[in-house]
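The structure appears below as structure tokens.
The residues of the chain are indexed from 1 along the displayed sequence.
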Amino acid sequence: MRISLAALRSVCKANQKFSSISLLHHVCIHQSRNVRPFSVAIMSPPSKAIVYDQHGPPDKVTRVIEVPPVGVEENDVCVKMLASPINPSDINRIEGVYPVRPEVPAVGGYEGVGEVHSVGSVVKRLSPGDWVIPSPPSSGMWQTYVVKEENAWHKIDKDTPMEYAATVTVNPLTALRMLEDFVKLSSGDAIVQNGATSIVGQCIIQLAQIQGLHSINIIRDRVGADEVKENLKKLGADEIFTESQLDMKNLKGLLTNLPEPALGFNCVGGNAASLVLKILRNGGTMVTYGGMSKKPITVSTSSFIFKDLSLRGFWLQKWLSTDKTIECRKMIDYLLGLARAGKLKYEMELVPFKDFYSALDKALGKLGSQPKQFGDRMMVLVCFSSTSSCQPVNYLNLHTCRVRSRYLELASTKTLGVGRPWRSLGNVGRSVQGNRMTMGLESLKKSGSSRPLFALLSRSLSQIRSLSQLPCFGIAFDIDGVLLRGRTPIDGSPRALKRLYDHSGTPRIPYIFLTNGGGIRESKRALELRALFGVNILPSQVLQGHSPFKQLVSRFENKFILAVGKGEPAAVMSAYGYKNVLSIDDYAACFDNIDPLAPHKRWTVDKISDESSNLQRDYVCSQRIEAAFIVSDSVDWSRDIQVLCDILRTGGLPGREMDFGSQPPLYFAHDDLAYQATFPTERFGMGAFRIALQSIFNSIHPNPLQYTSVGKPNPTAFRNAEIVLRQLYNSWFGDHDLAGNSPFKTLYVIGDNPSVDIKGARQVGHPWFSILTRTGVFKGNRNDPEFPADMVVDTVEDAVEYILKKEGSL
């Protein structure tokens, strides 16, 4: 199939609505802006996806494609998919018969579960390693990696069984919603349903039992019906009948032990629907949510006139379209809690991604003696994750009676990488299982279609093809005294950084900025550095002194905390996810006379935020400060030391009696005694402020000051830097299978302060190699005697020259 540029633009536009293509969106956007791909954001690893170019039989129109990395923007979350099912609605979407379906080309898959791989710079709720599911309605889950905005993902408990996390948003959610929305039921009431062996039917049985409701269940006549009944009994079903058992005029003799049901559910149609209506009490309601027999519902006139029955319909997609996001997420958490407790279960078969088409055949009922009716087939899950166990989950042993609703868990033995939901990529795949996967790159090349797309794919795949061509080292640059003096680039520093990019502006060497500076968000600092050095710099490449404070969000997320320092310390902490943070400027403004020198500091008046005037002063003054964070250098030492001492010696409540108990936690972004600024000699830094605060506090309090410093030379800062460098490596060059080993033989740190940059690298040891420049704090002719570096050079340009020559990357 040839894909025209017009089609590409159409798909790019559709991406805004369906979020199921990102590569073409990425291509179109960057072509229009004349910006190089791979240079706008964190890059996702390459990915595999199941796409279809036209509507039709799923086993005929779907293809497996390989797709290159895409950008992870500042509010995006990149998720490594673990599992995704093949639902009947997924098949209907591909066939083109479902009422709501994405425009083709499209990626299949409505629901699933994944693990967060990487996040954009302003993402607050999610972190790498979290488990998430797509917030319904969704699409494009049949791929190894997916990139969507943060609000498209819902974080779940990692203790949740993977198979239930992957399948919670369609069948269990439908069952719960139908029990809640149509008839007000009380404990002791009864419901009736056909299709009881379907996944929704099994969920209705269990949820009804939890609510104290009785269930009357109708199944098809089949071989082994007695065993099916026994297994449904184990789920909590009260009564189970085959259709032939109910095909009689008087049913009262069969239902003497249960009240007449007020609510019934139909997913089959035809005679099975008539049986539900027959059992309903006067004034009852039947809700139809499926039509698996493809037969119409026939209702007698007497049912309407004499029984006053109501017929309703339920479609989860419509319910979700009425802005139910918050309510939906609460229901999902409730259902997953039941699954973790073993109170909600259903049978699935797990199939690895490499066997996708076998799984699809099972879902279509084509293999062996699989039933032709959707509700009677086992659920099939496709496993993406190599750690997922792709074995059948046989809780009910219904498979012996062919009672399954197939789900497919998308898993591969080797996950290739991250990608947005892909929707217009043509046949970009590797030949697997006959003609179902074809060498699309070749077909695109021969057809001449979509040349910009072909060029991007060729370039992307060539970049990840050979490990021998990839760098085995990374670089961490200090900023002040190495690259900048004040806001002025040190001579040669722009040239040094540009050498880390190829002629097209694509980075060829993974590098980061490892600085103790801060006071602004990493995204803003990246923009400043980009303007100063003339190269593209991502927020993820900027590690500031306060960046490790992100790791404390889970402890203090909802606690009342104080942020101290120049710039915008409260905004920085809020961006990390702290929800109740106040700057020391705004905090001090709420207390009368807390700073006795304030009347003499006319220069501080403009520093106080207008926000403080809107704060409820009494509320702020009555709230205990749970922790204080020194985010950046203090601007007003006298006031800040006074206020901090008031907080720390009173247990967080300035103006109260001294508290000799526990001191609120105190965190410093770093402990630099001095740093090199524009002035010829060093200036005092946060370490000097800490010494002053500690000296005064220890003089007025019987217990010594307790504090934690997180920046350089703390070894944690260097270990975190290595993690970020590895993430950049995987994003830029692909997530190669290295058997858990680091891709780096050497990590270089270039700094100007022996007691900070060099000391930290020496403490961590291998693979760190320290290079000391003479453009900042250190100006000696020889090496530093206390913290000697592995190499001493004059400038950062000399340092980069040495590294590239040593690594053979000139």
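In this structure, the side chain of Asn698 engages the main chain of Leu705 through a donor-acceptor pair within 3.5 Å. Looking at Glu807, its side chain never comes within 3.5 Å of a backbone N or O of Leu804 through a donor-acceptor pair. In terms of modelled atom types and a separation under 3.5 Å, the side chain of Ser695 and the main chain of Ile691 share no donor-acceptor contact. Gln541 places a side-chain N or O within 3.5 Å of a backbone atom of Tyr511 that can act as its donor or acceptor partner. Between the side chain of Ser583 and the main chain of Ala563, no donor-acceptor pair closer than 3.5 Å is present. A donor-acceptor pair under 3.5 Å is absent between the side-chain atoms of Asn75 and the main chain of Val122, judged by distance alone. Here the side chain of Gln551 pairs no donor or acceptor atom with the backbone of Ser554 at under 3.5 angstrom. Side-chain atoms of Arg530 come within 3.5 Å of backbone atoms of Ile537 as a donor-acceptor pair (strictly under, hydrogens ignored). Side-chain N or O atoms of Asn593 include none that pairs as donor or acceptor with a backbone N or O of Pro596 at under 3.5 Å. A donor-acceptor pair is defined here as one N or O able to donate and one able to accept, closer than 3.5 Å; such a pair exists between the side chain of Arg774 and the backbone of Gly780.
Here the CG atom belonging to Leu772 is positioned 10.5 Å from the CG atom belonging to Asp794, to the nearest 0.5 angstrom. Between Phe689 atom CZ and Leu673 atom CG the span is 14.0 Å, to the nearest 0.5 Å. Distance check, rounded to the nearest 0.5 Å: CG of Asp672 to CD of Glu682 gives 11.5 Å. With values rounded to the nearest 0.5 angstrom, Asp130 atom CG is found 14.0 Å from His117 atom NE2. To the nearest 0.5 Å, atoms CG (Leu666) and CD1 (Ile625) are separated by 12.0 Å. The CG atom of Asp798 sits 11.0 Å away from atom CD1 of Ile803, with the distance rounded to the nearest 0.5 Å.
A salt bridge between Arg639 and Asp585 is present, with a side-chain N of the basic residue lying under 4.0 Å from a carboxylate O of the acidic one. Salt bridge Glu150/Lys124: absent, no basic N to carboxylate O contact under 4.0 Å. The pair Asp478-Lys712 counts as a salt bridge, with a side-chain nitrogen and a carboxylate oxygen less than 4.0 angstrom apart. Ion pairing of Asp76 with Lys148 is absent here, as no side-chain N (NZ or NE/NH1/NH2) approaches a carboxylate O to less than 4.0 Å. The pair Arg521-Glu568 meets the salt-bridge criterion, since a charged nitrogen lies less than 4.0 angstrom from a carboxylate oxygen. Using a cutoff of 4.0 Å between basic side-chain nitrogens and carboxylate oxygens, Glu797 and Arg495 are scored as salt-bridged. In summary, Glu786 and Lys759 do not engage in a salt bridge, as defined by a charged side-chain N under 4.0 Å from a carboxylate O.
Counting all heavy atoms, side chain and backbone alike, Phe684 lies closest to Ala688 at CB-CB, 3.7 Å. Residues Asp480 and Gly486 come closest through the heavy atom pair OD1-O, 4.3 Å. Here the closest heavy-atom approach between residue Arg624 and residue Thr650 is recorded as NH1-O, 4.1 Å. Between Ser135 and Asn151, the closest heavy-atom pair is OG-O, 4.2 Å. The two residues Ile594 and Ala588 come nearest to each other via the heavy atoms CG2-O, 3.7 Å. Closest approach of Pro702 and Met658 over heavy atoms only: CD-SD, 4.3 Å.
Classification of the Phe513-Phe533 ring pair by plane angle, with boundaries at 30° and 60°, yields parallel. Ring geometry for Phe697 versus His701: interplanar angle under 30°, hence parallel rather than tilted (30 to 60°).
Arg683 and Thr681 share a side-chain donor-acceptor pair at under 3.5 Å. A side-chain N or O of His546 and one of Tyr576 form a donor-acceptor pair less than 3.5 Å apart. The closest side-chain donor-acceptor pair between Ser638 and Lys601 falls under 3.5 angstrom. Checking Ser755 against Asn753 by side-chain atom types alone, a donor-acceptor pair falls below 3.5 Å. With 3.5 Å as the limit, one finds a donor-acceptor pair spanning the side chains of Gln544 and Arg525. The closest side-chain donor-acceptor pair between Arg762 and Ser770, if any, does not fall under 3.5 angstrom. For the residue pair Gln623 / Lys559, no side-chain donor-acceptor distance below 3.5 Å is found, with atom types taken as modelled. Residues His154 and Asp333 have side chains that bring a donor and an acceptor to within less than 3.5 angstrom of each other.
For the pair Lys579 and Phe556, the cation-pi test (distance below 6.0 Å, angle within 45°) is failed.
Counting heavy atoms from C-beta outward, Asp752 and Tyr675 have side chains that stay 4.5 Å or more apart. Side chains of Asn580 and Asn558 form no contact here, defined as non-hydrogen atoms less than 4.5 Å apart. Counting heavy atoms from C-beta on, the side chains of Pro510 and Phe744 come closer than 4.5 Å. At a threshold of 4.5 Å between non-hydrogen side-chain atoms, the residues Thr488 and Thr678 do not count as touching. Counting heavy atoms from C-beta on, the side chains of Ile490 and Leu483 never come closer than 4.5 Å. Contact of the Glu557 side chain with the Tyr578 side chain is not registered, since no non-hydrogen atoms from C-beta on lie closer than 4.5 Å. Val796 has its side chain out of reach of Thr775: every pair of non-hydrogen atoms, C-beta onward, lies at least 4.5 Å apart. Looking at Arg690 and Ser709, their side chains never come closer than 4.5 Å, going by heavy atoms from C-beta outward.
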For Leu728 and Phe733, what are the C-alpha separation, side-chain angles and deciding distance, and is it a side-chain contact (heavy atoms from CB on, under 4.5 Å)?
CA-CA 8 Å; Leu728 284 173; Phe733 308 119; over 6 Å; no

Verdict with reasoning, Glu528 to Arg487, per salt bridge (Lys or Arg N to Asp or Glu O under 4.0 Å):
CA-CA 9 Å; Glu528 291 181 353; Arg487 291 188 54 82; 3.7 Å; yes

Could you go through the ring pair (Phe, Tyr, Trp, His ring centres under 6.0 Å) check for Tyr748 and Phe769 one step at a time?
CA-CA 5 Å; Tyr748 297 91; Phe769 183 99; 5.3 Å; yes

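Taking the six-membered ring for Trp and the full ring otherwise, Phe629 and Phe668 have centroids separated by 6.0 Å or more. Aromatic pair Tyr587/Phe591: centroids less than 6.0 angstrom apart.
Enclosure of atom CG in Asp491 is not indicated, since only 12 or fewer non-hydrogen atoms of other residues, nucleotides or ligands lie within 6.0 angstrom. Other residues, nucleotides and ligands place more than 12 heavy atoms under 6.0 Å from the NZ atom of Lys550. Within a 6.0 Å sphere centred on NZ of Lys779, heavy atoms belonging to other residues, nucleotides or ligands number more than 12. Environment of CD1 in Ile700: crowded, with over 12 heavy atoms of neighbouring residues, nucleotides or ligands closer than 6.0 Å. For NZ of Lys330, the number of neighbouring non-hydrogen atoms (other residues, nucleotides, ligands) closer than 6.0 Å is 12 at most.
Between Glu74 and the options Ser121, Pro539, Ser540, a side chain to side chain contact (heavy atoms under 4.5 Å, CB included) holds for only Ser121.
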